[in-house]
Amino acid sequence: MQYNFNEIEAKWQKRWAAENTFQANSNSAQKKFYGLDMFPYPSGAGLHVGHPLGYIASDIVSRYKRHKGFNVLHPQGYDSFGLPAEQYAIQTGQHPATTTKTNIERYRQQLDRIGFSFDWSREVRTSNPDYYNWTQWIFIQLFNHYYCYTSNKAQPIAKLIDLFENEGNKHVNAASDEGVESFNSAEWKSFSSEKKEEILLHYRLTYLAETEVNWCPALGTVLANDEVVNGRSERGSHPVYKKKMKQWSMRISAYAERLLEDLDGLDWSESIKEAQRNWIGKSEGASVKFNVKDHDEVIEVFTTRPDTIFGVSFMTLAPELDLVQKITTSAQKEAVDAYIKASSLKSERDRMADVKTISGVFTGAYAIHPFTQQLIPIWIGDYVLAGYGTGAVMAVPSGDQRDFDFATHFNLPIPNVFEGVDVSKEAYSDKDNGVITNSDFLNGLKIKEEIDKAISAIEAKQIGKRHTNFRLRDAVFSRQRYWGEPFPVYYVNGLPRLIEAQYLPLVLPEIDEYLPTEDGAPPLGRAKKWAWNTSTNQVVSNDQIDEVTTFPIELNTMPGWAGSSWYMFRYMDPHNQDQMASQDALNYWQNVDLYIGGSEHATGHLLYSRFWTKFLYDINEIPVEEPFKKMINQGMILGESAFAYRIKETNKFVTQSKAKDFETDPIHVDVSMVNVSHQLDIQSFKKWRSEFATAEFITEKDGSFLVAREVEKMSKSKYNVINPDDICETYGADTLRMYEMFLGPIEQAKPWNTAGITGVHNFLRKLWKLYHNGEQFEVNNAAASKEAMKTLHKTIRKVTEDIENFSFNTSVSTFMIAVNELAKQKCNSKEVLEPLAILIAPFAPHIAEELWEKLGHNDSISTAPFPVYEDKYIVEEVKTYPISFNGKMRFTLDLSLDLAKEEIEKSVMNDERTKKQLAGRTPKKVIVVPGKIVNIVG
RNA sequence: GCUCGGAUGGUGGAAUUGGUAGACACGUUGGACUUAAAAUCCAAUGACCAUUGCGGUCGUGCGGGUUCAAGUCCCGCUCCGAGUACCA
């Protein structure tokens, strides 16, 4: 009987769907396992063979856990708000919801065809109002909380108001914006409600503030720091500029310390943890205030080297600082203004590319050194970033290379504060060694001590204090876009008010065009019905806005990461209308046991999710502090692009081996027109694009035309995309699943090469044949042979180990070895073949189900207990010892494992071959490791 | 620059705690079956030398070291990939 994979796979996919085979149960006494794939964005391009790699791995583990008796939650859904659908809407006028729906349907078809054991009854979509109701709800909770550093958790804003009423804000130990004015209880009480609201906004965990943002004109929106790559937008690679705008932000910086500390407890790859550590960027030191001569203004700097404070010879401020305007002297004003203008016009990218050029301008003002009272010139320079620390540095040219370069360039003094070190050529920036000199009370101390001593002195003088600074910035949360969650916010006198949670969801309104309005407002500015009536609590038409009961609603929408920051909890109870998820479900499922996805989300999604999880934990909404206990990052599957060489300025192509004789341009060719021997199908190529219809070809001697190949990222534009549907059609989903695993270690990037797939496909056919005799399914009930049992148990042991270690490529080899051995043994025994079917079920579920059914079972194989390895079947009595001479293996010798060291040595020394190797020499030493090896030295 | 990975046949990749390097698969070559092809099956396949057979030398990016024994451990490099980048 033929292995008819198409028929078998369709049959079981239908059965699984009809019988809800993979539905998870939230009320279970069973132990739980939660396996999750990173949330897919349903792009218009559909899936290519790289996407399912991680899904296959998590599916194998999920199926394995079901066999092991776990109640498994293995859901899937869509991160369905986002830029591409909206860009497409702008071009075509098609509603993004329509595009999204179409894309999701295609994704679903493709996913279904690969035979995943997803519980589709739990599907979520972030663009669905039932879902974003709770995204909006979380936003409200964030708004209604602040971060208290004393209790080290989020606290209700009402508690903060109490504190303000009782004692003002002098002793409040809370996360807030820079430079919040201080007030006492009486002052607070005297403030207007508007003023109070403004102050509270400086403390709320999500807040509206004028901030410097990454503005991307091409996309018409701001971007978060992690969405900017090398000064360009991650999507589309458009230039990004700095701009001040009033935006919603998330006070993730309040959680910096916890986000950093808790990394240690996570079973994630070291590289992702390290990326997060760097992104959070904790540094310890001191903040120090410098008075400005003839001004009331104070310059506060952050430094990790307060011990070098006597080496300060100038100050540098970021040009963007407001302070610059205030202190610049009239003589320098023109130069300073010109410099500020020039640097604001540079994009982030230009500024970064310009690292080597040193630029700056003197402001004319002087700071006063707090210890020596010396006057220190204040400069501005764009090597100082407004966004880090206070945007000002105390420049110590002898101890910092950038300060040194700046000083050298502008001929500023370089006072040396290091004993016995030459600082005429470069700064001495060693942070572990060195002794301070020329520094009054710090002279002669080692770095660690002197830092402490310097901070004590600074604190005693009340000019600063010990301070820990984080690189992590608050995350901009507004997007000037249509296709995202609306904020549940309306404005009264320009101040934000929140719509109460009971009136959620606030549903995205319809608009005529997905573009900003003429006066530059976000697309929601086009909505006709986008006002909030506070007496009826409804969205009403804009013409009813009276600023008494009816007010305008926020026009920005939330960013892509809003919905994806908490979706892992919604799967636990996806249809709950009253809560984000029930306490029972949250307590039972806890968090994700295994998370599989790419490492590109290291500083975005994976950090934001951790932040929201900690917040939800703080407000007692969920029982865990971390969303993902263990994570595996699958490597990218790369494409193998094909190039045909076209002779410059002609329509003539030349085969690869002769290309060097001409001046050519390589042209990407669709890989579907190229065979495994790299020969191009010229006829298809001519039909492919009209410009090639009349192309001429210089071929090899045999008339074939060879292309060049190169490994690149798989992408539509490179014509190297391999579609999993095609593989399923030709070889079947089971083959695809096993082949993707067989390619190599899951975490490693690798090129897709279809050539090897036949090996895996043949293996499945051999497996099928084991259970058949010609046309007939045939498995006998006789006891299996000793060898067959040994093969089986060896396989059980290795496969179990491999799954636990995520080493799926080696399990596929193990199965191949098992089937080869069983075929050789002519094993046809149910005692072996039945457990074998279960073993392979997580990898190749369709063929396993079919064989299981033929073996006489009515239930799905999916919960059949996983075979348990038993030692007794593979106990060896004899070991084939490698016999080495001076470390080189010369021959092998079969010896009983019972033998003692001395007996082994005796047998080896008596062997003819030993005598021959020694050729009469007497060995100096004989090393015998029982069960392992014998090595004769001499 | 810094951080984290990686480098093993023609190819993808195996190799327990340091203990037979190259499992498994692709590809290639030869053979069987066939009128032929495909499919299938069998055999060989790291390089070099030797060959009737037995065998030998070299070999895991490079150079050292530790050890009876190193792909694996240590020291110093080279190259490739990823992340990050004026972070005070």
Side-chain angles (χ1 to χ4, degrees), chain A residues 229-230 269-279 281-283 285 301-305 308 315-316 318 351-352 354-358 381-385 387-396 399-403 405-406 429 469-473 599-600 602-603 633 635-636 676-677 739 742-745 747-763 765-766 769 798 801 807 809-820 880-892 913 916 923-929 931-938:
Chain A
V229 178
N230 289 329
S269 75
E270 211 37 57
S271 63
I272 296 254
K273 291 207 259 185
E274 200 56 32
Q276 289 209 350
R277 284 190 195 107
N278 292 337
W279 191 262
K282 180 178 180 174
S283 45
V301 300
F302 171 72
T303 175
T304 55
R305 293 295 301 275
T308 61
M315 312 276 289
T316 316
R351 201 157 151 175
M352 276 194 259
D354 230 16
V355 168
K356 296 206 172 60
T357 326
I358 294 162
D382 65 10
Y383 80 97
V384 177
L385 306 177
Y388 183 77
T390 56
V393 300
M394 56 174 224
V396 182
D400 183 290
Q401 193 57 42
R402 293 153 306 171
D403 295 343
D405 295 341
F406 195 87
S429 50
N469 198 55
F470 292 95
R471 197 185 88 109
L472 181 68
R473 308 260 54 85
S599 51
E600 67 272 20
T603 51
N633 305 110
M636 207 189 310
V676 273
S677 312
Y739 184 58
F742 189 61
L743 277 175
E747 305 203 61
Q748 207 172 295
K750 55 226 151 207
W752 176 268
N753 176 354
T754 316
I757 202 167
T758 53
V760 172
H761 187 64
N762 281 342
F763 152 74
R765 287 168 46 178
K766 281 190 223 163
K769 272 166 69 180
K798 179 76 173 133
E801 262 172 31
S807 174
N809 56 327
T810 50
S811 354
V812 178
S813 309
T814 305
F815 283 124
M816 289 174 171
I817 294 167
V819 167
N820 288 345
T880 303
Y881 278 93
I883 312 299
S884 307
F885 292 80
N886 296 319
K888 275 180 191 149
M889 205 280 285
R890 293 301 172 180
F891 61 90
T892 58
R913 292 169 293 183
K916 197 177 158 197
K924 287 193 194 106
K925 205 169 172 187
V926 179
I927 313 269
V928 179
V929 185
K932 287 250 160 95
I933 198 170
V934 177
N935 189 15
I936 297 161
V937 188

Which value, in whole Å, describes the distance between the [atom1] atoms of nucleotides [N] and [M]?
N: B:G59; M: B:U8; atom1: C1'; result: 10 Å
N: B:G6; M: B:U16; atom1: P; result: 15 Å
N: B:C74; M: B:G5; atom1: P; result: 13 Å
N: B:G71; M: B:A88; atom1: P; result: 43 Å
N: B:G83; M: B:C73; atom1: C1'; result: 28 Å
N: B:A70; M: B:G22; atom1: P; result: 16 Å
N: B:A69; M: B:C77; atom1: P; result: 27 Å
N: B:A47; M: B:U29; atom1: P; result: 15 Å

Once you apply a heavy-atom cut-off of 4.0 Å, does [X] come out as touching a base, just sugar-phosphate, or nothing?
X: A:Arg913; value: nothing
X: A:Lys888; value: sugar-phosphate
X: A:Val937; value: sugar-phosphate
X: A:Asn935; value: base
X: A:Thr814; value: nothing

[X] side, atom [atom1]; [Y] side, atom [atom2] - distance, nearest 0.5 Å:
X: A:Ile272; Y: A:Arg277; atom1: CD1; atom2: CZ; value: 12.0 Å
X: A:Thr814; Y: A:Asn809; atom1: OG1; atom2: CG; value: 9.5 Å
X: A:Ile936; Y: A:Arg890; atom1: CD1; atom2: CZ; value: 11.5 Å
X: A:Thr303; Y: A:Met394; atom1: OG1; atom2: CE; value: 4.0 Å
X: A:Asn886; Y: A:Asn935; atom1: CG; atom2: CG; value: 7.0 Å

Length of the line joining [X]:[atom1] and [N]:[atom2], which is rounded to integer Å:
X: A:Arg473; N: B:U84; atom1: CZ; atom2: P; value: 17 Å
X: A:Asn886; N: B:A69; atom1: CG; atom2: P; value: 8 Å
X: A:Arg305; N: B:A88; atom1: CZ; atom2: C1'; value: 11 Å
X: A:Asn278; N: B:A82; atom1: CG; atom2: C1'; value: 13 Å
X: A:Lys924; N: B:A69; atom1: NZ; atom2: P; value: 11 Å
X: A:Tyr383; N: B:G1; atom1: OH; atom2: C1'; value: 18 Å
X: A:Lys273; N: B:U3; atom1: NZ; atom2: P; value: 19 Å
X: A:Ile933; N: B:U16; atom1: CD1; atom2: P; value: 14 Å

Begin with the C-alpha distance, continue with both residues' side-chain angles, and end with the deciding distance and a verdict on side chain to side chain contact (heavy atoms under 4.5 Å, CB included) for A:Val926 and A:Val937. CA-CA 6 Å; A:Val926 179; A:Val937 188; over 6 Å; no

For the side chain of A:Thr758, starting at C-beta, report the closest nucleotide among B:C26, B:C41, B:U3.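 For the A:Thr758 side chain, the nearest candidate turns out to be B:C26.
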
Nearest to side-chain heavy atoms of A:Thr880, which nucleotide of B:C24, B:U20, B:C68: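 The nucleotide sitting nearest to the side chain is B:U20.
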
Less than 4.5 Å apart, any side-chain heavy atom of [X] and any of [Y]?
X: A:Lys766; Y: A:Asn820; value: yes
X: A:Val928; Y: A:Tyr881; value: no
X: A:Met816; Y: A:Val760; value: yes
X: A:Phe763; Y: A:Tyr739; value: no
X: A:Gln276; Y: A:Lys273; value: no

Step by step, would you call A:Val396 with A:Arg305 a side chain to side chain contact (heavy atoms under 4.5 Å, CB included)? CA-CA 9 Å; A:Val396 182; A:Arg305 293 295 301 275; over 6 Å; no

Where does B:G76 land, syn or anti, once you apply the within-90°-of-0 test for syn?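 Nucleotide B:G76 adopts anti.
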
Is there a donor-acceptor pair closer than 3.5 Å between any side-chain N or O of A:Asn469 and the backbone N or O of A:Ser283?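 A pair under 3.5 Å: no.
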
Which residue in the set A:Val393, A:Ile358, A:Thr357 passes side-chain contact (heavy atoms from CB on, under 4.5 Å) when paired with A:Tyr383?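 Exactly one candidate clears the test, A:Val393.
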
OP1, OP2 of [N] versus side-chain N and O of [X]: anything below 4.0 Å?
X: A:Arg890; N: B:G55; value: no
X: A:Arg402; N: B:C87; value: yes
X: A:Asn820; N: B:A25; value: yes
X: A:Arg471; N: B:U84; value: no

Contact nearer the 5' end of RNA chain B, comparing A:Ser283 with A:Lys932: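 Mapping each residue to its closest nucleotide by heavy atoms, the 5'-most match is A:Lys932.
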
Heavy-atom nearest nucleotide on RNA chain B for A:Glu270 versus A:Ile936: which residue maps closer to 5'?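 This one resolves to A:Glu270.
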
Is RNA chain B part of any stem, that is, at least 3 consecutive Watson-Crick or G-U pairs with both distances under 3.5 Å, and where?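 RNA chain B forms these stems: B:1-7 with B:78-84, B:10-12 with B:24-26, B:27-32 with B:40-45, B:46-49 with B:55-58, B:61-65 with B:73-77.
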
Protein-nucleic acid N or O pairs under 3.5 Å, nucleotides 12-15 of chain B:
residue: B:G12; atom: O2'; partner: A:Leu743; partner atom: O; Å: 2.6
residue: B:G13; atom: OP1; partner: A:Gln748; partner atom: NE2; Å: 3.0
residue: B:G13; atom: O3'; partner: A:Asn809; partner atom: ND2; Å: 3.3
residue: B:A14; atom: OP1; partner: A:Asn809; partner atom: ND2; Å: 2.8

Measure all distances between protein nitrogen or oxygen atoms and nitrogen or oxygen atoms of nucleotides 38-40 of chain B, and list the pairs falling under 3.5 Å.
residue: B:U40; atom: OP1; partner: A:Asn762; partner atom: OD1; Å: 3.0

